[in-house]
Number of protein chains: 2
Amino acid sequence: MPTGPVTLADVARRADVSRMTVSKVVNNKAGISEATRERVYRAIDELGYVANGAARALSAGRTNTLGVVVPSIGPQYISEVIRGADMAAREAGLDLLISTTQEDLRHESQNVGRLTHGLVDGLLMVLPRSVDQYSQALLRAHVPVVVVATGNQNSPFPLVDADHYHGARAAMRHLLDLGHTRIGFIAGRADTAASLERFRGYQEGLLTAGLIPEPLLVEEGHYTQPGGFAAATRLLGLAPAPTAIFAANDLSAFGAVEAVKELGLRVPQDVSVVGFDDIPQASQVFPALTTVRQPLTEMGRAGVKQLLNVLHGVGAVTDRLVLATELIDRASTAPPSAGRVPSTAN
Amino acid sequence: MPTGPVTLADVARRADVSRMTVSKVVNNKAGISEATRERVYRAIDELGYVANGAARALSAGRTNTLGVVVPSIGPQYISEVIRGADMAAREAGLDLLISTTQEDLRHESQNVGRLTHGLVDGLLMVLPRSVDQYSQALLRAHVPVVVVATGNQNSPFPLVDADHYHGARAAMRHLLDLGHTRIGFIAGRADTAASLERFRGYQEGLLTAGLIPEPLLVEEGHYTQPGGFAAATRLLGLAPAPTAIFAANDLSAFGAVEAVKELGLRVPQDVSVVGFDDIPQASQVFPALTTVRQPLTEMGRAGVKQLLNVLHGVGAVTDRLVLATELIDRASTAPPSAGRVPSTAN
DNA sequence: TTGAAAGCGCTAACAG
DNA sequence: CTGTTAGCGCTTTCAA
């Protein structure tokens with residue numbers, strides 16, 4: 001019994017064939033007799049052979065690994081995108097190497113450079129902001145790159161995004177159909193294109209219904225739960241107060257729901273709340289949140305699929321793939337209550 | 001300008017030195033004159049050279065990458081552990097390769113096998129359940145393994161865990177000190193050791209205060225938000241109802257808070273709620289959740305540090321490292337209201 | 001259907 | 001201080 005990891009040569013010796021034959025068996029190549037194949041498999045099992053990834057990568061010129069670059073793995077929506085990417089990669093027999101930038105921009109382009117040299121065959125950038133900082137390193141990398149879920153308008157790489165604008169329009173239509181005419185908006189961050197698109201949907205939804213957007217009905221929520229709480233509290237302090245609130249993401253919608261309850265009002269009886277994203281928690285809270293679903297896992301999947309298309313040289317790569325969003329009607333929305341005008345006099 | 005990636009040889013040619021010299025410069029080895037070093041750096045910059053990871057790994061026998069195996073990256077507490085591991089790895093100049101098992105146990109041990117053969121130098125297993133399924137593959141792997149945040153009692157590998165029992169005791173002491181005598185418990189999952197330990201802390205906290213544990217005051221919450229909601233609803237339907245609820249994790253505590261509000265009661269005035277974990281959201285909800293903090297990021301850090309100790313052959317590796325937990329007193333707990341006995345007669 | 005030769009890009013060990 | 005030699009474990013030709 002030799003010490004150290006078992007190599008191809010060990011298996012070859014054991015099965016009394018050449019290393020090449022073992023390699024072919026391991027990689028399911030054709031042109032090996034059933035008997036030999038059988039014998040090699042037995043040797044592999046007996047020895048517990050596992051191919052060395054580094055050697056394989058160096059020799060074959062590919063790693064069978066896809067890199068995923070994310071700012072951090074905390075936010076749920078990012079987790080969902082990764083989950084989709086993970087499934088697609090798994091189905092294709094590839095590994096995923098997840099790398100977080102942690103906002104540490106200093107060495108990041110260098111980091112990305114490392115990834116693209118012998119560590120991964122392709123890169124999925126899941127970034128909410130611009131990808132500009134990396135463009136240089138990325139462009140000189142010799143691996144395909146696909147950007148996911150950023151609102152970045154003019155990326156030099158193929159993009160996968162969700163239809164933020166029409167999602168927002170759907171949310172507004174839902175609220176308007178229920179009879180709401182005074183609808184507050186909790187904005188995300190002005191520096192993301194996604195946030196801007198959702199806001200545009202809010203405004204144009206209003207205009208389409210013949211309503212006039214009021215600046216006072218728009219508050220910043222910074223995509224956070226406390227931000228949503230504060231924004232909703234301010235909104236509900238208006239006279240007359242809105243009967244419905246559309247939040248730019250689920251997290252700030254959760255905060256809005258808390259604010260409504262804290263003011264002694266009920267969701268949805270007194271105030272309707274709509275979110276955006278449909279993170280898993282949206283269906284877990286009480287009342288379950290009506291929200292606009294971004295196909296997050298599908299976006300991850302689509303990103304990987306684009307990458308595979310490039311790698312395998314098959315199928316077209318869409319420069320800008322925009323996936324549809326959809327309203328998920330749950331329990332946090334209802335028609336405005338007739339006689340009840342929320343009051344927050346304290 | 002040669003096509004394809006720039007190699008060491010290209011740099012060597014450009015700087016008019018041997019490949020070995022370039023290698024030494026790249027790896028910051030001593031024994032190179034300042035002038036030569038300078039010249040090599042210039043060539044590297046001009047050519048945009050980046051070392052090939054696969055070749056380096058194969059040649060040097062190490063990958064400078066640590067593997068992290070998690071069931072999935074969704075749950076916040078896992079994200080936090082990874083964040084800690086990520087920071088520690090980054091400080092040590094190592095990459096993290098995150099691999100999810102997605103409950104797909106079929107090919108997992110094989111998957112882990114692949115990782116340990118040329119892809120990573122060490123493995124951090126972040127698993128809530130047992131690691132038994134992998135033990136075989138792991139033991140034959142030629143890389144160190146450390147297990148984090150599982151309640152697994154007898155792992156064959158070094159363990160990093162939190163002190164669930166004393167955390168639960170602290171939560172109970174807090175509630176008892178506030179004057180609560182009727183305290184409900186929302187259990188996690190009976191199949192995790194962590195859940196059992198927390199339950200033990202609940203029971204013994206009661207006993208120490210001279211109170212008798214009542215089976216009716218314990219409900220399963222399955223660690224989920226709807227589970228916590230349902231459990232709390234049942235608990236508050238008792239007569240007399242508990243004045244405080246201790247949930248086995250933050251998620252089920254959020255559900256409990258919702259249930260309290262839904263019954264027309266207030267947190268903490270009518271019912272106090274304590275969670276466990278201190279995920280980021282705990283401080284973001286309203287009212288901010290009083291909870292037992294598991295040092296999740298520290299656990300990730302500690303796991304990586306243990307791995308590094310093994311890899312560098314320095315420092316001791318603790319077979320079982322149990323990190324302290326701590327009560328974080330926020331806004332969801334208060335003394336029981338004197339005259340008020342919650343009623344849920346409907 | 002099988003195998004021999006060559007080399008992927010890098011680094012460890014040693015020699016000059 | 002610098003360079004030579006050898007080889008990591010595998011796969012790609014191409015020949016038998």
Side-chain angles (χ1 to χ4, degrees), chain A residues 2-40 43-44 47-65 113-114 116-121 142-143, chain B residues 2-41 43-44 47-65 113-114 116-119 121 142-143:
Chain A
T3 328
V6 180
T7 74
L8 208 58
D10 298 324
V11 177
R13 212 170 299 121
R14 175 82 161 222
D16 197 33
V17 294
S18 75
R19 295 180 316 169
M20 209 44 243
T21 301
V22 178
S23 175
K24 280 176 183 156
V25 171
V26 168
N27 293 292
N28 277 313
K29 303 257 178 182
I32 300 287
S33 73
E34 209 35 63
T36 308
R37 194 178 289 274
E38 205 52 57
R39 196 143 41 88
V40 171
I44 287 176
L47 263 29
Y49 169 74
V50 179
N52 181 295
R56 183 176 273 184
L58 178 57
S59 178
R62 58 194 151 58
T63 61
N64 284 324
T65 300
R114 289 230 320 286
T116 57
H117 287 262
L119 263 27
V120 304
D121 295 338
H142 293 196
V143 303
Chain B
T3 327
V6 180
T7 74
L8 208 59
D10 296 325
V11 177
R13 210 170 300 122
R14 176 80 163 223
D16 197 32
V17 294
S18 75
R19 294 180 317 169
M20 208 46 236
T21 301
V22 178
S23 174
K24 281 174 182 158
V25 170
V26 169
N27 294 291
N28 276 314
K29 303 257 177 177
I32 300 288
S33 75
E34 208 37 64
T36 307
R37 193 178 290 273
E38 204 53 57
R39 197 145 39 89
V40 171
Y41 272 136
I44 287 176
L47 263 30
Y49 168 74
V50 179
N52 180 295
R56 183 177 272 183
L58 179 58
S59 179
R62 61 196 149 56
T63 61
N64 283 326
T65 300
R114 290 230 320 287
T116 58
H117 287 260
L119 261 27
D121 295 339
H142 293 194
V143 304

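A, B, ... follow the sequence lines: proteins, then strands. Residue 1 opens every chain.
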Tabulate atom names and distances for all N/O pairs under 3.5 angstrom spanning the protein and nucleotides 4-7 of chain C.
unit_1 : atom_1 : unit_2 : atom_2 : d
C:dG7  : N2     : A:S59  : OG     : 3.3

Using the side chain to side chain contact (heavy atoms under 4.5 Å, CB included) criterion, which residues pair with [X]? Sequence neighbours excluded.
X	value
A:R37	A:V25, A:N28, A:I32, A:E34, A:Y41
A:V50	B:H117
A:S23	A:L8, A:M20, A:N27

Does [X] have any side-chain hydrogen bond (donor to acceptor under 3.5 Å, both in side chains) partners at least two apart in sequence or in another chain, and if so, which?
X	value
B:T63	B:D121
A:R13	A:D10
A:R39	none
A:S59	none

Just call it for B:R37: base, sugar-phosphate, or nothing, with non-hydrogen atoms closer than 4.0 Å on any strand.
->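 Here B:R37 touches no strand at all.
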Overall bend - the helix from C:dT1-D:dA16 to C:dG16-D:dC1, comparing terminal axes fitted on five pairs, nearest 10 degrees =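 Answer for the end axes of this duplex: 30°.
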Listed in order of residue number, which residues of residues 21-32 of chain B have a non-hydrogen atom at under 4.0 Å from DNA chain D?
->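 Contacting residues: B:T21, B:K24, B:G31, B:I32.
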What is the 5' to 3' range of DNA chain D, first to last nucleotide, that sits under 4.0 Å from any heavy atom of chain A?
->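 Here the contact window of chain A covers D:dG9 to D:dT12.
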Pairing residues for A:R19 by the salt bridge (charged side-chain N to carboxylate O under 4.0 Å, His left out) criterion, not counting sequence neighbours =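 Partners of A:R19 under the salt bridge (charged side-chain N to carboxylate O under 4.0 Å, His left out) test: none.
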Find the distance A:L119:CG to C:dG9:C1' and express it as a whole number of Å.
->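 Distance, rounded to whole Å: 14 Å.
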